[in-house]
Structures are given as C-alpha cells and as structure tokens.
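Residue numbers start from 1 in every chain, and the chains themselves are labelled A, B, ... in the order their sequence lines are given, proteins ahead of strands.
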There are 2 protein chains.
Amino acid sequence: MSKSEISACTTEVKPYHHGDLRRQLLDAAANLIREEGEAALSMRKLALAVGVSRTAPYHHFSDKQALLCAVAEEGFRRFRRIVTTRLDTAEPAVVIDEAAIRLFIRRYIDFAVNNAEYYDLMFGGHLWKSEQLTASLKGEAYTSFKVYVDQIRCWQKARLVSSTVDPLRYAQVSWSTLHGMSRLLIDGIYLDSEAVAAMSDAAANMFWQQLQAA
Amino acid sequence: MSKSEISACTTEVKPYHHGDLRRQLLDAAANLIREEGEAALSMRKLALAVGVSRTAPYHHFSDKQALLCAVAEEGFRRFRRIVTTRLDTAEPAVVIDEAAIRLFIRRYIDFAVNNAEYYDLMFGGHLWKSEQLTASLKGEAYTSFKVYVDQIRCWQKARLVSSTVDPLRYAQVSWSTLHGMSRLLIDGIYLDSEAVAAMSDAAANMFWQQLQAA
DNA sequence: ATGCAAATATAGACAGCGTCAAGATGCCTT
DNA sequence: AAGGCATCTTGACGCTGTCTATATTTGCAT
C-alpha cells in the first residue's frame, strides 16, 4: 500500500516527490535566519519546516555550507537589483553630487539592515574563510566592487571628481565605511535608529568632500 | 587510594583541584579561537585542552556565552592599553595632524587584525545581541567611544578642528570606517595585505580633510 | 508497454555539542 | 575533628551535521 493511498482520504495529498524542494529550502532558510538568527538555523529544523525528512536537503545541497552559499547567492541577486541599479546603467550618470551619494548610501544601509539575513552571509566571515566559496559567488562580489571603482574612474575622466583621488583607495575606504555602519547596526552596537539618517548624511558629506578635494 | 597516589609515580602530579582554572580557560579559549576559529571552540575541547573534565568549566562560567563574555572583557583591556593609550592621557594632545590620525588608524587596524580572536567577540553580533552582555562590558565599549568623541570635542574647542564638524557624527562615521576595514580584513574579503597601509592612509586623508573642512 | 537507471525521499546510526543532576574530593573555618 | 563549601567528576539527555543503506518515483530507451 503506497503512502498516497493512505493520504488519499485526507484533504492534503502529499506526494513522495516534493517537486520544488530546492527553492523552498532556500526561502525557508532565509526566513528562519531572519526570525531566529543564523545560529538557530539547523538542517533538521529546515527540513521539518518544509515538511521533508532530515536528510532530504542533502540531495540538493552537499553541505550546510553549500546551502548557505546558495542563500548568499540569492542575496547578491537582490543586492544588485536594489543597490547598483542606477550605477550599472549603460550611460554613466551625468550628474554626481552630494545628494546622489546620500541616496546611494541610504540604499546600501537600507538593504543591509532590512535584509540582514542575506547581508550576514554575503559579507560575513563564515563564507569567505570557508574555502567553499564558489567562484561564481566570489565573482559576483568582485564585480559589484569593480563596478563601483569604475564608476569613480568614469566620473574622474569626466572631471566630475578631483584627479587627486585614487579611485581604488577611495572605493576601498568608502565601502569599508558602508560595511562598518551596516555591521554596527545589524549587530546591535549602534542602536539609535534615529541616528541612521544623520550618520548616512555625515558619511555622504565626507565622501563628497573627499571627491572634490583640490 | 587517591588519584594523587596513583600519579605520584609519574613525573606529573595532577592534583584534584586545578587551582588556576578560570585564568587558564580564558587563555586557552583565546588560543583555540585564534588557531581554529570561533566556530571550532567547544566547551568540551576547551576542558580537554586544559586537562579537566567536560563540566569543570561550568563551575567558573555559567554558560558558554558567559565564558565568551569574559574573553571579550579581556580583549577590551588589551584594546584600551594598545589603542587608546595616547588618547586617554590627562593632558589633551596638543598636536593633531594627518600623521597623528594615520598612527591612530594603523594602531586600530593592527589590533583588530592581530587580535582577531578578541576583536570578533568584542564587536561581533554574538555578544551584542545576546542579552547576556554584561553592564560592565557595555560600559567599557561605550567609554571607549565616548573618549573618542570627547577627544574631538576637545580639539574643536582648541580650534584644531573645524567648528562645522559634528563630533558625534564624525566619531560614528570614522569608527564605522575603521570597524568596516577591520572586519573586511579579518573576514578575508580584503585579501591584499599590501594594501592595508595604503588604505589606512587614504582613510586618514579623508578624516583629516573632513576635520579641516571650512 | 516495459524495464532499468537516475533522481529523489526515507529511516537508522554515529560522533560531537551544550548543559543539567548527582556524587566524589579536597580545602578552610570553627 | 567536623562539617560546610568550592571544586571536580561521571552519567545522562536532547540537539546537531552527516554518513550509509533502503525505498519510492520519474523518465528515458527499448
């Protein structure tokens, strides 16, 4: 007697093959991390959450680490859509002013804080020190950074930013600032959420001044 | 027959009471984290490393979390000694220039990178989101930050930095930068260690320019 | 259509984890 | 000497990641 015969009498028919497991695992993982923190995510809870046995996920992800990698990849997709949309456009931005920088900073921080479950994985030590880091994942991150550097180079050629600025160094330092603010907010060290806007604007002012330096 | 009688014939006499367990646990914990990463630290391995049974540490620390808190506290002690030594002195620094800022930045990054096992705990989410965070620990962190802000206020009063600078915002943003750089280096996202000095100097330039802003 | 391989799901087992409860041992005070 | 207290030990529990072996289903080749 097959299981489907047993469950046939109930309203919910649960097929042996789940059909959409990989996708649902990724979503459920992100949800679990968001709600209970990364530490609370276990393969077993995850499997239970989507209604399969504890070892089923291992047919879609070789490892817990591999699963987390895939979640991070999803994160990078969202990141690109939200943050780099305007920077990635074919025609380089014709205007660059403090307001534009402010907007970019707010977008970045917003993404990090409101998608902490992804941000943690994307730019956390777990992934980057783990050797498991996919080439495609590493590429995705480096590409995002390169786009940022190239943007500055482009502005510089168009005489929109000072020629004394080293685009690579500026990119490294300013990204550090954004990452640092994000981490301090996510980790609960900066608690005053009222101050986020003021901090972002102060950073924008600092960046802008640096870009205009004589 | 007591255990000491058994081991009396060997060169190593192991008394029932360890005598110095708490101290050794803290040191061994830092070592284990340094060598194998925070994730690899387990209470059982730790106990084994210092030669006691698995539950012995629980007589000195109520929790694994409590143990980590204590390690972080040790970290803050070292942090203050190394980084804020010059800033904490009674007489405020009479000179403040880009070189001084460079030095401070390098000290900070140096500490973070070379004491990653402490830095992770001191400024990582594990601690700060855990409710277990001791009042004294939180105080230690806030004091460090306050010293930083007050230093800037002091310089401002002495007309050494522009009056247009908001000390609190400047402190928040510049600390974010330092924290971000540290994290990116520790987590292996910034790999080029050659570039650390150049990045630090670029940051110093940025900070200095901001402080001198008209 | 039939049969067989591949994909997918399952239960069982193992070592390691944090930590609680009960008991053993040694030190210190009275 | 006695007894209380700090310290350390063993035993146990439920949780974890993941290996192995087994069962079910799908899809393709015949």
- Message: At 4.0 Å (heavy atoms only), tell me whether B:Thr55 reaches a base, stays on the sugar-phosphate, or touches nothing.
- Response: base
- Item | Between C1' of C:dC27 and CG of B:Asp20, the distance in whole Å | 17 Å
- Query: If only side-chain N and O atoms of A:His60 are considered, is one of them under 4.0 Å from the OP1 or OP2 phosphate oxygen of C:dA9?
  - Reply: yes
- Ring centroid separation B:Tyr170 to B:Trp175 under 6.0 Å: no
- Task: Kindly point out which of D:dG17, D:dG11, C:dA11 is positioned nearest to the side chain of A:Arg54?
- Result: C:dA11
- Spacing between B:Glu36 atom CD and C:dG16 atom C1', to the nearest angstrom: 14 Å
- Message: So, under a plain 3.5 Å distance rule, would you say the side chain of A:Arg44 forms a donor-acceptor pair with the base of D:dT18?
- Response: yes
- Query: In whole angstroms, how far is the C1' atom of D:dC15 from the NZ atom of A:Lys64?
  - Reply: 12 Å
- Task: Rounded off to whole Å, could you give me the CG-to-C1' distance for the B:Leu21 and C:dG26 pair?
- Result: 15 Å
- In whole angstrom, give the distance that lies between atom CZ of A:Phe61 and atom P of C:dT8. 12 Å
- Task: Output yes when at least one side-chain N/O atom of B:Ser53 is less than 4.0 Å from OP1 or OP2 of D:dC8, else no.
- Result: no
- Take A:Arg77 and A:Glu73 through the test salt bridge (charged side-chain N to carboxylate O under 4.0 Å, His left out) and record every step on the way to the result. CA-CA 6 Å; A:Arg77 258 190 297 278; A:Glu73 207 150 358; 5.3 Å; no
- Query: To the nearest Å, how far apart are B:Leu41 CG and C:dG16 C1'?
  - Reply: 14 Å
- Item | Beyond-backbone contact of A:Arg80 with A:Glu140, side-chain heavy atoms, under 4.5 angstrom | yes
- For residues B:Phe104 and B:Phe207, establish whether the separation of their ring centroids is below 6.0 Å. no
- Item | Base of C:dA9 paired with side chain of A:His59 (donor-acceptor, under 3.5 Å) | yes
- CE (B:Met122) and CD (B:Glu74) are apart, to the nearest 0.5 Å, by 10.5 Å
- Message: Output the rounded distance in Å from CG (B:Leu48) to P (C:dA15).
- Response: 17 Å
- Task: Starting from P on C:dC20, measure out to CE on B:Met43 and report it in whole angstrom.
- Result: 10 Å
